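The structure under discussion appears below in the form of structure tokens.
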Amino acid sequence: MVSTYCLTPKTHLKVPTIVVFLLKKLSPFHFHHCKFYSHHSLPFPRTSSLHVKAIKDGSFQNLDVANHLLNVFVKSKNLNHACKLFDEMPHRDVRTWTILVSTFVHNMQNEGIKPNQFTLSSVLKCCSSLSELKIGKGVHGWILRNGFVFDVILENALFYFYVKCEDFGSAKWLFESMEDKNSVTWNIMIGAYLDTGNVDKAVDLFRRQGLKDVSVWNTIINGLMRNGFERIALKLLYEMVKDGTLFNEVTFSIALVLVSLLKDLELGKRIHGRVLLSGIHVDGFLRNSLIDMYCKCGEMKMALKVFEKMDTYFGRNETPLKKSFLGFEDAFKTFTSMVRKDIDIDVFSITSIVSACASFGVLELGRQVHGLVQKIGHKLDAYLGSSLIDMYAKCGNLDDAKRIFKQTNYMNVVLWTSMVYSYALHGRGREAVQLFEFSMSRGLLPNEVTFIGVLTACSHAGLVEEGCRYFRLMKEVYGIKPGVEHFTRMVDLYGRAGRFKEIKKFIDENGIHHLRAVWRSFLSSCRLHRDIEMAEWVSENLLRCQTLDARPYVLLSNIYAIKQRWEEVETVRRLMQSRGVKKHPCQSWIQIRNQVHAFIMDDRSHPQKNEICAYLYKLIGRLREIGYSSDAKLVMQDVEKKQGEGEMLLGFHSEKLATAYGIISTASQTPIRIMKNLRIYDDCHNFMKYTSQLLDKEIIVRDIHRFHHFKHGCCSCGDYW
DNA sequence: ATAGGGTTAG
């Protein structure tokens with residue numbers, strides 16, 4: 001179908017409707033998946049020496065060269081070669097399409113064919129998506145010269161074109177001169193304000209336009225959400241319900257994205273219920289939105305249920321973390337049975353699921369999904385590739401991440417960033433930096449996330465000077481304004497290296513005293529270097545930022561307690577109460593076969609608790625014989641001592657419990673993989689090293705920041721974390 | 001003619 005684009009000889013321009021049809025499809029998204037020239041498989045032309053040469057020496061892989069060639073072929077009316085070339089181009093960009101659109105307009109003028117309003121709005125649509133201001137203006141001029149009568153549709157198309165090309169002067173002029181405005185017009189105008197971050201103006205306009213059209217509601221709610229005003233978007237969604245405007249499938253789609261951002265599973269379930277009640281057909285679009293929402297809220301079982309098209313709906317009352325573990329257990333079973341039953345699944349939902357597996361670190365499920373991808377034969381596009389790389393890396397499998405990366409053979413920032421970040425996660429700073437340097441030498445434009453990856457790599461590998469250089473490079477060469485994440489990485493970089501004076505200087509220079517994350521990172525470094533004086537000062541600063549994280553409060557009150565400054569101890573405690581600070585329990589989890597087992601420090605709920613504790617006593621005894629000592633300074637620990645519970649005093653942290661359970665539940669050669677929701681304690685880090693030596697067992701711990709691979713008494717982080 | 005889906009960071 002698509003292969004008969006206007007370049008094919010004879011058929012082009014003779015039948016304007018074909019052109020219109022094709023142009024309508026002319027968006028990068030559609031063509032990404034289409035084979036451009038499928039049923040006219042021409043033999044490779046010998047006459048095209050340019051083309052042959054370009055293919056032979058590989059220069060054809062370069063987009064600039066390919067575009068240039070395309071232009072040459074098109075201009076010389078060598079349309080067969082143009083088609084062939086287009087078909088074989090590894091990538092296409094805006095210029096590729098611009099060449100084609102210009103040719104179209106040019107040919108139309110040459111052959112004296114008068115376009116009708118459909119042709120015109122289609123060409124305008126092309127110009128909008130290509131940001132082709134010159135051609136669009138030409139079309140506008142043509143309309144005026146030929147006395148063409150505007151209808152709302154054509155005028156909207158023109159208006160949208162000016163907005164998309166960011167010619168706001170012309171857009172505004174057109175908008176004000178338009179007599180006939182419909183909901184589409186308002187959508188374009190409000191959308192324009194939202195896209196440029198003019199949220200107040202957009203809301204104002206929304207209030208002033210009198211239409212109660214569902215699409216205008218959709219525009220404003222979606223725009224607020226994308227601008228980071230999730231709460232206001234939610235308020236408006238409720239207002240929409242009160243207003244009596246019925247949701248359509250787009251509204252539901254937007255609402256579900258909103259739910260994932262707010263991580264409000266209960267709301268998500270209610271919206272799911274409404275979808276079912278509304279009688280709207282749950283199409284692929286909506287189904288994937290539902291799946292994505294459930295994945296991002298950690299409710300894998302429901303995600304898979306929707307996947308399976310089983311529209312069951314139920315609610316349960318459990319703590320979020322526990323619930324997600326239960327979900328994964330079931331999800332595992334559901335998924336394997338689905339694979340067996342050959343259930344249909346598209347690449348959008350797979351990507352969501354892979355990404356969910358990554359954030360919860362469930363390797364086994366992730367592997368199953370990857371297996372399914374291979375079975376179906378989905379191409380590894382940038383989305384899927386990035387999420388698979390991330391999944392393997394976050395599940396502790398750097399080699400598999402690398403394997404996926406090698407399979408995806410194209411330059412895409414997210415893809416490369418995922419790989420850079422994966423190296424960083426595993427403490428392979430040099431490799432991360434090398435990959436980053438290589439990507440830049442190949443002309444890949446790094447984005448803000450790429451730099452987060454590079455800075456993380458430098459900080460985990462102790463590459464302080466390099467990190468500083470990249471921070472400057474980011475600001476000065478790439479014009480990226482550093483965000484909280486970059487500042488935090490820099491503080492981390494100096495902090496791990498113990499260069500506290502430089503942190504203070506950095507905080508002053510950048511004026512970032514108000515950022516909690518910055519002080520939190522600083523505090524972690526104080527803990528790592530056991531600098532109590534500095535920890536006191538940093539905690540005080542952190543508390544000034546109104547943090548609701550309990551750890552700095554506990555830490556500071558412990559420091560005051562050692563110094564016997566009882567009044568200050570009391571002040572901190574009161575502050576904690578008045579701010580409603582809640583303690584976030586430290587948890588570790590381990591997957592044994594199909595089950596995820598979660599451990600909390602004072603949790604007695606595990607069925608094999610006695611066995612685990614007994615083993616742990618025995619193990620610690622044996623570790624002491626080879627030099628392990630567990631008398632870590634309690635003051636630097638986040639957790640409060642619990643009186644009267646003997647084992648607490650021994651420091652049975654959750655990661656130790658998980659390790660003990662892992663050892664008694666697996667064969668001796670099997671590596672143990674543990675996940676943890678906070679940073680690993682130094683005592684436990686020590687414990688893992690000795691255990692790996694004593695039992696000759698590999699232990700892999702993923703903490704909130706990175707991976708630790710323990711083997712033969714050493715850790716991959718080189719005790720630098 | 002407008003508004004809605006998957007990836008990295010948080």
Side-chain angles (χ1 to χ4, degrees), chain A residues 24 29 117-118 120-122 124-125 128 150-161 163-164 181-192 194-195 213-223 225-226 228 247-258 260-261 283-293 295-296 346-356 358-359 378 380-391 393-394 404 408 412-422 424-425 446-456 483-486 488-489 517:
Chain A
K24 273 191 177 165
F29 180 77
Q117 76 217 57
F118 299 110
L120 289 170
S121 46
S122 298
L124 283 172
K125 187 176 178 174
S128 309
F150 276 114
D151 62 353
V152 200
I153 293 179
L154 189 55
E155 223 165 12
N156 277 340
L158 191 62
F159 176 42
Y160 184 65
F161 152 73
V163 164
K164 276 281 148 170
K181 292 191 181 80
N182 63 9
S183 60
V184 176
T185 323
W186 287 104
N187 276 326
I188 298 169
M189 189 72 246
I190 295 171
L194 289 166
D195 282 347
D213 194 282
V214 57
S215 70
V216 190
W217 282 102
N218 289 344
T219 304
I220 190 78
I221 293 171
N222 183 42
M225 179 174 84
R226 311 270 164 192
F247 284 22
N248 66 9
E249 68 279 10
V250 179
T251 323
F252 281 121
S253 229
I254 295 169
L256 290 168
V257 175
L258 186 57
S260 338
L261 288 175
D283 61 356
F285 229 117
L286 200 44
R287 234 181 54 215
N288 284 333
S289 302
L290 280 165
I291 290 169
D292 193 49
M293 180 277 289
C295 281
K296 287 192 173 137
D346 72 9
V347 71
F348 290 96
S349 23
I350 288 205
T351 311
S352 295
I353 292 175
V354 172
S355 149
S359 48
H378 268 312
L380 282 185
D381 65 4
Y383 290 103
L384 192 51
S386 316
S387 58
L388 279 170
I389 291 170
D390 186 52
M391 186 274 290
K394 286 205 179 128
I404 302 280
T408 62
N412 168 288
V413 219
V414 181
L415 205 50
W416 284 65
T417 302
S418 307
M419 197 61 233
V420 169
Y421 198 81
S422 300
L425 265 181
N447 64 17
E448 66 280 10
V449 185
T450 317
F451 280 102
I452 295 174
V454 176
L455 293 176
T456 307
V484 194
E485 297 84 6
H486 303 102
T488 316
R489 291 321 189 277

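Reckoned from all heavy atoms, side chains included, excluding hydrogens, waters and symmetry mates. Not measured: the values here are computed from a predicted model. Numbered from 1 within each chain, the chains take letters A, B, ... in sequence-line order.
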Can you tell me which nucleotide in B:dG6, B:dT2, B:dT8 comes closest to the side chain of A:V347? B:dG6
For A:G284, answer base if it contacts any base atom (sugar-phosphate contacts may also be present), sugar-phosphate if it contacts only those atoms, and nothing otherwise; contact means non-hydrogen atoms under 4.0 Å. base
Could you check whether A:S121 gets within reach of a base, just the sugar-phosphate, or nothing at all, counting any heavy atom under 4.0 Å? nothing
Among B:dT8, B:dG4, B:dG6, which is the nearest nucleotide to the side chain of A:D283? B:dG4
Send over the distance from A:W217 CH2 to B:dG4 P, rounded to a whole Å. 17 Å
Do we see a donor-acceptor contact under 3.5 Å between the side chains of A:N218 and A:N187? no
note: A:M391, atom CE; B:dT8, atom P; distance rounded to Å ~ 12 Å
Base, sugar-phosphate, or nothing for A:T351, non-hydrogen atoms under 4.0 angstrom? base
Value for CD1 (A:I254) from CG (A:N248), rounded to nearest 0.5 Å, stands at 8.0 Å
Report yes or no: is there a donor-acceptor pair, N or O only, under 3.5 Å between the side chain of A:N182 and the base of B:dA1? yes
Looking just at side-chain N and O atoms, do A:S289 and A:D292 make a donor-acceptor pair shorter than 3.5 Å? no
pi-stack flag for A:F285 and B:dG4, centroid dist under 5.5 Å, interplanar under 30°: yes
Any A:K164 side-chain nitrogen or oxygen under 4.0 Å from OP1 or OP2 of B:dA1: no
Kindly state which residues belonging to residues 249-256 of chain A come within less than 4.0 angstrom of DNA chain B, counting heavy atoms of the residue only, listed by number. A:E249, A:V250, A:S253, A:I254
Look at the side chain of A:S352 and decide which nucleotide, out of B:dA1, B:dG6, B:dA9, has an atom nearest to it. B:dG6
Do A:H486 and A:L455 come within less than 4.5 Å of each other through their side chains, counting heavy atoms only? yes
Interatomic distance where CZ belongs to A:F451 and P belongs to B:dG10 [whole Å]: 17 Å
Within this structure, what is the CG-to-C1' distance between A:L388 and B:dG6, rounded to whole angstrom? 12 Å
Whole angstrom value for the distance that separates P of B:dA3 from CG of A:N156: 11 Å
How many Å lie between CD1 on A:I452 and C1' on B:dT8, as a whole number? 9 Å
Find the distance A:I190:CD1 to B:dG4:P and express it as a whole number of Å. 13 Å
With respect to the phosphate group of B:dG4, does any side-chain polar atom (N or O) of A:R287 fall under 4.0 Å of OP1 or OP2? no
Checking all strands, does A:N412 fall into the base, sugar-phosphate, or nothing category for heavy-atom contacts under 4.0 angstrom? nothing
Between B:dT2 and A:T185, is there an OP1 or OP2 to side-chain N/O distance shorter than 4.0 Å? no
Report yes if the side chains of A:Y421 and A:T456 come closer than 4.5 Å at any heavy-atom pair, otherwise no. yes
Where is the tightest heavy-atom contact between A:E249 and A:L286, given as atom of each residue plus distance? O-CD1, 3.9 Å
Considering every strand and a 4.0 Å limit on heavy-atom distances, what is the contact class for A:S387: base, sugar-phosphate, or nothing? sugar-phosphate
Any Lys/Arg nitrogen of A:R287 or A:D283 sitting under 4.0 Å from an Asp/Glu carboxylate oxygen of the other? no
Checking B:dG10, B:dT7, B:dT2 against the side chain of A:V414 (C-beta onward), the nearest is B:dT7
Residue pair A:T450 / A:N447, side-chain donor-acceptor N/O under 3.5 Å: yes
Just compare B:dT7, B:dT8, B:dG6 and give me whichever is closest to any side-chain atom of A:L384. B:dG6
Considering only heavy atoms and no angle criterion, is a donor-acceptor pair shorter than 3.5 Å present between the side chain of A:D346 and the base of B:dG6? no
The nucleotide from B:dG6, B:dA3, B:dT8 with an atom nearest the side chain of A:K296 is B:dG6
When we call it a touch if two heavy atoms are under 4.0 Å apart, what does A:K394 touch: a base, just sugar-phosphate, or nothing? sugar-phosphate
Among the nucleotides B:dT8, B:dA3, B:dA9, whichever has the atom closest to the side chain of A:R489 is B:dA9
State, yes or no, whether a side-chain contact exists between A:M225 and A:L261 at a heavy-atom distance under 4.5 Å. yes
Specify the separation, in whole Å, of atom CH2 of A:W186 and atom C1' of B:dA1. 16 Å
